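Note that the structure is predicted; figures quoted are calculated from it, not measured. Just so you know, ligand 1 is whichever comes first in the structure, and atom 1 is the first atom listed for that ligand.
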Amino acid sequence: MNKTIEQNIQELREKLAHHNHLYYVESNPQLSDYDYDMMMKELQVLENQHPDFFDPNSPTQRVGSDINKEFEQVQHKYDMLSLSNTYNEGELRDFDQRVKKLISEDPIYVCELKFDGTAIGITYENGVFKQAVTRGDGAFGDDVSNNVRTIKSIPLKLKGNDFPEEFEIRGEIFMSKKVFADLNEQRVSAGEAAYINPRNTASGSLKLQNSAEVSKRRLDCYLYYMLGENLPEDSHTENLKNAKKWGFKISEHGKIAKNIDEVLEYIKYWEKQREQLPYDIDGIVIKVDSLSKQKQLGFTAKSPRWAISYKFLAERVATKLLSIDYQVGRTGAITPVANLKPVFIAGTTVKRATLHNADQIELLDVRIDDTVFVEKGGEIIPKVVGVDKDARAESSQKVVYITQCPECGSKLIREEDEAKHYCPNEYACPPQIKGKIEHFISRKAMNIDGIGAETIDLLFEKNMLSDISDLYELKKDQLMPLERMGEKSADNIIKGVQESKSVPFYKLLYALGIRYVGATVAKKLAVSVGNIDALANAKVEELIEIDEIGERIAETVVEYFNLERNRVLIEKLKQHGLSFINEESEEGKTDILKGLSIVISGVFEKYSRDELKEMISKNGGKNTSSISKKTDYVLAGDKMGPSKLEKANKLGLKIITEDDFLQMIGL
Ligand code: IVH
């Protein structure tokens with residue numbers, strides 16, 4: 001029997017949802033990424049051809065859209081209250097006593113991890129994701145459904161058929177430590193400020209207006225609380241077991257405790273073990289397991305009487321602030337760093353801690369010789385979080401923030417919307433020069449083995465290295481006489497430098513260290529523009545036409561190439577034989593589309609949009625993102641946006657199909 005298209009679409013959706021669950025919830029993928037992508041493509045094509053069967057909960061919709069709209073405020077069906085907190089055993093025992101008195105029996109508790117993210121309430125109707133709302137003020141929250149749909153561990157359609165017709169499930173959206181570290185690595189390599197911690201980054205990400213951007217943030221979600229009129233069981237734990245069956249991600253670490261001593265054991269265990277978890281927790285939540293007992297206990301105005309959270313104290317110690325150093329980064333950003341009397345925190349000895357910026361120093365009113373409190377939170381770098389003002393000497397003086405660069409003496413600047421001061425002396429301030437060279441040789445850039453920060457310091461001091469092009473002038477017999485430099489190390493340096501000449505253009509472009517041009521942006525620019533001369537001559541308007549290149553990046557790139565010294569530097573690097581052409585785009589290059597400006601819109605059958613873009617540029621054409629009088633062709637696939645179509649028709653532009661295009665370039 002022939003399957004109908006609708007059946008086919010339905011089947012693909014189910015299969016994809018199943019494999020998505022295996023991958024994101026159970027961490028047990030049973031399909032290769034490739035096969036998954038192919039299945040997804042197949043579904044995308046069918047859905048595009050048959051828009052009647054559109055479903056906002058289809059797995060294809062998880063990629064997000066870039067429609068920009070404010071969030072709608074919606075009222076919670078059940079107020080979204082928070083929990084009362086305790087920090088010690090005594091208060092926890094008081095809680096236990098109160099519960100016992102109110103229900104006149106010994107309760108069964110369940111202990112859970114307190115995930116450190118941002119709370120979400122998700123409603124399901126007939127097993128289908130309906131709406132996701134943030135806590136907001138507890139009564140009203142933001143409808144962030146489109147963003148939450150992009151979180152792969154949240155099911156859009158439930159498995160089985162024994163779920164209540166309507167219910168809400170609440171949980172915590174968070175960012176894992178690894179995803180957070182990766183994201184920060186990318187930001188720092190693009191010269192952007194690192195995010196502070198996974199919690200703020202997760203809640204910030206959830207509020208982004210562009211859900212396609214949210215999708216890239218790889219957020220995750222544990223669910224821990226079900227609400228509804230007809231929940232299957234009277235036990236919270238049993239309900240969560242059901243939720244797990246329906247496809248939700250439920251923590252494996254929840255545990256029944258028969259009395260408060262067992263609760264305390266659980267707390268002690270996780271106080272130690274929490275560092276090992278791949279995500280941050282900030283405490284333990286203790287709940288009465290029986291829903292009928294929960295009902296009996298009820299709520300105060302602010303929080304349930306049937307639950308409490310035990311919060312871990314971030315390990316915080318007091319020590320003496322000896323002095324403040326001001327560090328100058330590769331981009332010239334100044335970071336004040338506290339030199340401390342060494343102190344042991346969370347497993348390591350800490351001698352230095354960040355003070356972030358001038359505002360933070362002002363806010364804390366830290367002074368030299370103060371007793372300060374230092375914390376190692378979710379962040380890797382310890383920070384000064386407070387001052388013991390009672391222990392302060394009367395004679396102490398307010399810290400006066402520096403006005404000149406501690407390294408080169410230039411007057412510092414501070415831009416209006418930036419928290420940090422900057423040293424503007426980009427090309428003559430030693431740590432900025434050395435920082436640029438360090439970036440240039442780093443693994444993801446030119447990957448020059450054999451040279452480290454110490455060698456760069458040494459070569460800089462000896463006047464043998466004043467910018468990246470000097471690396472290519474180094475000679476073995478110059479290096480040999482240097483301290484701690486054997487023949488082998490000298491050989492290694494020369495070899496590493498030589499080998500770097502064959503690094504592809506996109507890595508070289510990243511290595512130049514242009515602000516905001518991180519590894520991903522560099523690759524985009526290299527592939528779309530093709531070579532350094534074209535890039536150096538590109539205008540802001542041209543650059544912003546490239547996918548994912550915004551105005552800020554475009555302006556910085558243009559500024560970089562406007563500087564004579566940068567052009568001279570690139571000329572020198574060219575002389576040394578570095579590769580400034582995107583090799584891949586060199587093979588099979590033609591002029592067939594020379595001078596033609598082509599807009600791509602919709603979804604295609606044979607090639608992806610990125611592949612089509614590459615074909616346009618390989619054949620000498622220009623891919624632009626918006627339709628204008630200057631557009632020569634609109635390459636239209638299925639589901640082309642109606643406004644684009646209207647505009648194209650109005651301007652009388654030539655609209656071509658994928659096949660027409662392939663024919664044009666002889667494929
Ligand atoms: S239960 C009625 N369980 O901590 C409150 N909350 O201040 C029910 N949280 O708003 C909340 N992990 O954002 C619960 N296992 C867990 C939790 C948890 C983290 C958060 C949640 C809540 C806040 C309590």
Quiz item: cation-pi between Arg187 and Tyr195, 6.0 Å / 45°: yes
Side chain proximity check, Asp55 to Arg13, heavy atoms < 4.5 angstrom: yes
Asn85 touching ligand 1 at heavy-atom level, < 4.0 angstrom: no
Worked check of ring-ring contact (aromatic ring centres under 6.0 Å, His included) between Tyr222 and Tyr279: CA-CA 11 Å; Tyr222 274 119; Tyr279 43 80; 5.5 Å; yes
Centroid-centroid under 6.0 Å between Phe95 and Trp306 rings: no
Nearest-0.5 Å distance that lies between atom SG in Cys221 and atom CE in Met175: 13.5 Å
Met80 to ligand 1, any heavy atom closer than 4.0 Å: no
Geometric N/O contact Phe299 with ligand 1, under 3.5 angstrom: no
Contact partition for Lys114 relative to ligand 1, non-hydrogen atoms under 4.0 Å: both
Close-contact set for ligand 1 against Ser82 heavy atoms, below 4.0 Å: 7 (O)
Side chain, backbone, both or neither: the part of Arg170 lying under 4.0 Å from ligand 1 by heavy atom: neither
Contacting atoms of ligand 1, where contact means under 4.0 angstrom from a heavy atom of Leu81: 5 (C)
Thr123 side chain to Lys77 side chain, donor-acceptor N/O pair below 3.5 angstrom: no
Distance in Å, Tyr225 OH paired with Met80 CE, rounded so as to fall on 0.5 Å steps: 10.0 Å
Protein residue, atom and distance nearest to atom 22 (C) of ligand 1, heavy-atom basis: Arg135 NH2, 3.8 Å
Shortest heavy-atom approach to atom 2 (C) of ligand 1 - which of Pro304, Ser303, Ser309: Pro304
No-hydrogen, no-angle side-chain donor-acceptor test under 3.5 Å, Arg170 and Tyr224: no
Nearest-contact summary for atom 3 (N) of ligand 1 - protein heavy atom, Å: Lys287 NZ, 3.0 Å
Within-cut-off N or O pair, Trp306 and ligand 1, under 3.5 Å: no
From Lys268 atom NZ to Glu265 atom CD, the distance as rounded to the nearest 0.5 Å: 8.0 Å
Pair Phe248 and Tyr124, ring centroids less than 6.0 Å apart: yes
For Tyr225, atoms of ligand 1 separated by under 4.0 Å from a heavy atom: 2 (C), 8 (C)
Side chain, backbone, both or neither: Asp116 near ligand 1, heavy atoms under 4.0 Å: neither
Ligand-side contact atoms (ligand 1) for residue partner Glu172, heavy atom cut-off under 4.0 Å: 9 (N), 13 (O), 19 (C), 20 (C), 21 (C)
Lys NZ or Arg CZ of Arg199 over Phe174 ring: under 6.0 Å, within 45°: no
Atoms in ligand 1 with a heavy atom of Phe115 nearer than 4.0 Å: 12 (N), 19 (C)
Protein heavy-atom partner closest to atom 18 (C) of ligand 1 - residue, atom, separation in Å: Tyr224 CZ, 3.3 Å
Per-residue contact class, Leu83 against ligand 1 - non-hydrogen pairs under 4.0 Å: both
